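First up is the structure itself, then whatever we jot down about it.
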Amino acid sequence: MADENLKQILVVDEPGADRDLLCKQLRGHNFQVIKSDDNLEVVPLLKQNDIRVLIVGSKVQEDVLHLIKQLRRSHNQAELPIIVISALSSTENRVAAWKAGANYYIAKPVKEDELVAKVNLCFRLNSDYSLIKSSEERLILAMQAVNGGIFDWDLQTKTMFSSPKIYELLDISNESQEADSSQNWLDRLHEEDRRSINSEIENYLKGKIHKLDKQCRLLRPDGTCRWVSLYGVVCRDKNGKAIRLVGSLNDIGSSISYDNVTGLPGSHMFYDLLEKAMVRAIRSEQYLFGLLSIDIDPQSTDKLTEPNYEKILTDISRRLQLSSRASDFLSRIGENRFAVLLDGLHDISDALRVARRISEALAVPFEMPEGDLNVSTSIGIAVSNDNYDSPEELLEDAHQASLSARASGSRRACMANPKLQEQAEQRLKREKELYDAIAGQQFVARYMPIVDVTTNSVVGVETLLRWRHPDGKLLEPEEFLKLCDNDRFILPIGSQLIKLALGQLADVNQAASLPEQFSVSFNLEARQFYDPDLLNNILLSCEDYGFASERIRLEITEDVLNNDFAKASAIIGKCAEHGIKIVIDKFGSTSLPIADLITLNPAALKTDYKLLTSQTLSLEQKLRYSQLCKQIADFLHCQCWVNGATSEELSQSLSGNGLKLQEGYVFGQPVNRHALESLAEAGYLLKKN
């Protein structure tokens, strides 16, 4: 009986031989047929029976079209397929029926084979629709059953479906939901989570990483946030291009309790993460984390009413969230105490930097109904390289440091270890000096000549960076570049050096024309080389000073190229359009395929100065290495520059092996602009010792 119910057909036609024959033919093929001669009975019969196909026959075309249009308001063509049988066989009648919503149109006399075939097609369409609808219902039930929210991001149309659970996490009402926009939760990410999460998603879609599983914070309208875990799976087309990202946002609060007042994670979750961080620090010497204990002085809040006290705590948590980094974890661990776990510190000074930023944020008066209120807070700092044995010991040290900070009065942040505090403050001081140096253009250029030893003439220079410190010292890069661990320092410093050097060399060229093949080279780190503004900055400086870009050489190491060879090749190609070529520095320090070298068309290969200045390698070994570099350079039809000629013996031996372009202290120290002008006046010939 169940199978028969799945094949129910409603035939609506005037009584007569045609209808009887039609029903007989259908029953002969195991279809269950229900008959009616009244169009008004169709809707009630559909509700009372499991009708899968409707066959309509009538002499009055308008009645048929009206019935079909009425049914299409509540049933689509897959949910209720409709076949029209009519004595009218004109094209106009067929088109009118199709426009009204009919699936098929059969003209009388009806051929049994055609009828059965089209009925079976209708049943197949209805069956497929039922399966899809059933799957959708299961998906909806599954989304309702799981704790996390589900999203489906169409990367081609830039639209995203988000399940109601995501809006619940965001505390957004149904009226303000924007289910057709990818911004409905991506733009709700904490401002310091947004960049890292977007970068993680981008790298996952590009296939650079093989898993999307991160923790992040979602900001809610009231300023609080929820920690969630983000998990995603990418769908790609046949060419490997990402077209969809399907995933979930799971409330971490399902496994932890939140503080009822601030909405921050509870203390036991914080202790758990702190313990895991300590285990990680034991396993890896490179891993460094810190802990901030932020204590509120009870005297500054003891006269507040309960609602106002809760408002102060909420406002404090809000400022902590806005002042923290993407990787930091915040918690309220006591009545008047917050804690921040600083994950993945680059240096101990990072902990002091974050603490001072938070301290400044908390120093701003809080708005209250009775007027502004100043809340006294103190911050204690402990870091993992002090080798703590337990989370409790680390927390206690940070708490004692916060008490010391409060006792000091003027200092709102204090480290548990005074020696580390001194080191951190010295680094922050030097970073401040670097900011001032960039703003005050305190960097100067020095030039190491590249010499053709066969003629003793200078054929180019390598530009070197120096910092004229306000105390009068001239600092070399080794003394300050280790502080340049992010783009805020290295990029503006590099840009200033290029502009300064090109300006000075343009002046030298006006005083005494540079030789025709004279080149100026700049050493670039990976961050500088991949900076999208690099080429534009160089060309603007060339235009400002009237310096020929064809003379410029960019020195990069093989490992820089290996970071992203396709992107590096594109950058080199754009530079080549303006005559700017590259020099492969420290050649042989890493492995770069010869085939890749050929495509790069370098201007020169440059030896690794560390090998030529090594005290452990013999003269013969240094010569063999240099000769190998020259042979490869000859194969690539480019020059070979020897870097590290520190003695007359080495220089002459290199020259005897055909290595005529040399650079090193055997020719003297790096020169300044004035010495370069003197060299120009001497025809770019070095004085022989």
Side-chain angles (χ1 to χ4, degrees), residues 128-172 174 176-220 225-256 265 269 272-273 276 280 325-329 343-344 563-564 566-567:
D128 291 342
Y129 172 79
S130 298
L131 290 174
I132 293 173
K133 187 175 181 181
S134 177
S135 298
E136 289 179 345
E137 291 172 348
R138 285 197 299 270
L139 178 60
I140 292 172
L141 290 173
M143 287 192 297
Q144 293 174 349
V146 299
N147 182 52
I150 308 298
F151 64 89
D152 184 352
W153 187 4
D154 189 323
L155 301 172
Q156 295 177 309
T157 62
K158 308 297 182 183
T159 58
M160 180 186 290
F161 164 80
S162 297
S163 70
K165 183 65 178 181
I166 289 182
Y167 295 104
E168 181 182 331
L169 289 172
L170 293 171
D171 194 21
I172 298 177
N174 292 335
S176 61
Q177 292 180 15
E178 297 178 12
D180 61 341
S181 171
S182 65
Q183 307 307 311
N184 52 18
W185 65 264
L186 285 174
D187 277 352
R188 294 277 180 165
L189 289 168
H190 189 284
E191 62 180 8
E192 290 199 21
D193 287 2
R194 188 174 298 126
R195 182 176 179 182
S196 63
I197 293 299
N198 286 336
S199 176
E200 194 82 0
I201 291 174
E202 182 179 358
N203 289 334
Y204 178 62
L205 296 179
K206 290 181 178 179
K208 293 183 178 180
I209 57 176
H210 304 292
K211 184 179 182 182
L212 181 60
D213 190 359
K214 295 287 290 184
Q215 291 184 355
C216 56
R217 290 163 290 182
L218 295 178
L219 285 172
R220 294 153 68 92
C225 66
R226 277 288 184 263
W227 276 92
V228 297
S229 62
L230 166 64
Y231 179 79
V233 177
V234 66
C235 301
R236 303 183 184 277
D237 61 17
K238 62 181 181 180
N239 298 318
K241 180 182 178 181
I243 56 175
R244 288 175 65 198
L245 180 65
V246 181
S248 64
L249 294 174
N250 294 288
D251 189 354
I252 299 179
S254 61
S255 59
I256 63 172
M269 173 63 173
D272 181 53
L273 290 180
K276 290 179 180 178
R280 185 177 175 187
R325 307 172 311 153
S327 56
D328 299 340
F329 186 85
D343 183 53
N563 282 347
D564 190 337
K567 187 174 181 180

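Bear in mind that the values here come from a model prediction, so they are computed numbers and not experimental data.
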Legend entry - Sequence-distant partners of Lys206, side chain to side chain donor-acceptor pair (under 3.5 Å), two or more places apart: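 Once residues adjacent in sequence are excluded, the partners of Lys206 under the side chain to side chain donor-acceptor pair (under 3.5 Å) criterion are Glu202.
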
Inset, instruction - Go through the structure and list residues passing side chain to side chain donor-acceptor pair (under 3.5 Å) with Arg244, not counting sequence neighbours. - result: Asp152

Inset, instruction - Only pairs at least two apart or in different chains count here, so list each salt bridge (Lys or Arg N to Asp or Glu O under 4.0 Å) that has a residue in residues 228-243. - result: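 Listed by first then second residue: nothing to list.
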
[X] side, atom [atom1]; [Y] side, atom [atom2] - distance, nearest 0.5 Å:
X	Y	atom1	atom2	answer
Cys235	Ile243	SG	CD1	6.5 Å
Phe161	Ile150	CZ	CD1	9.0 Å
Leu186	Asn198	CG	CG	6.0 Å

Set of residues satisfying side chain to side chain contact (heavy atoms under 4.5 Å, CB included) with respect to [X], sequence neighbours excluded:
X	value
Asp564	Lys208, Tyr530, Ala566, Lys567
Ser134	Arg138
Ser130	Arg52, Asn126
Leu205	Leu155, Ile201, Val234, Ala242, Leu245

Taking all atoms of both residues into account, what is the closest heavy-atom pair of [X] and [Y], and its distance?
X	Y	answer
Glu200	Leu212	CG-CD1, 3.8 Å
Asp343	Arg280	OD1-NH1, 4.0 Å
Ser163	Gly149	OG-CA, 3.4 Å
Val233	Tyr204	CA-OH, 3.5 Å
Ser162	Trp185	OG-CD1, 3.7 Å

Legend entry - Side-chain donor or acceptor of Arg188 paired with backbone N/O of Leu218 under 3.5 Å: no

Inset, instruction - With sequence neighbours excluded, tell me which residues meet salt bridge (charged side-chain N to carboxylate O under 4.0 Å, His left out) with Asp272. - result: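 So Asp272 forms a salt bridge (charged side-chain N to carboxylate O under 4.0 Å, His left out) with Lys276.
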
Legend entry - Atom OH of Tyr231: over 12 foreign heavy atoms under 6.0 Å: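 No, not enclosed.
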
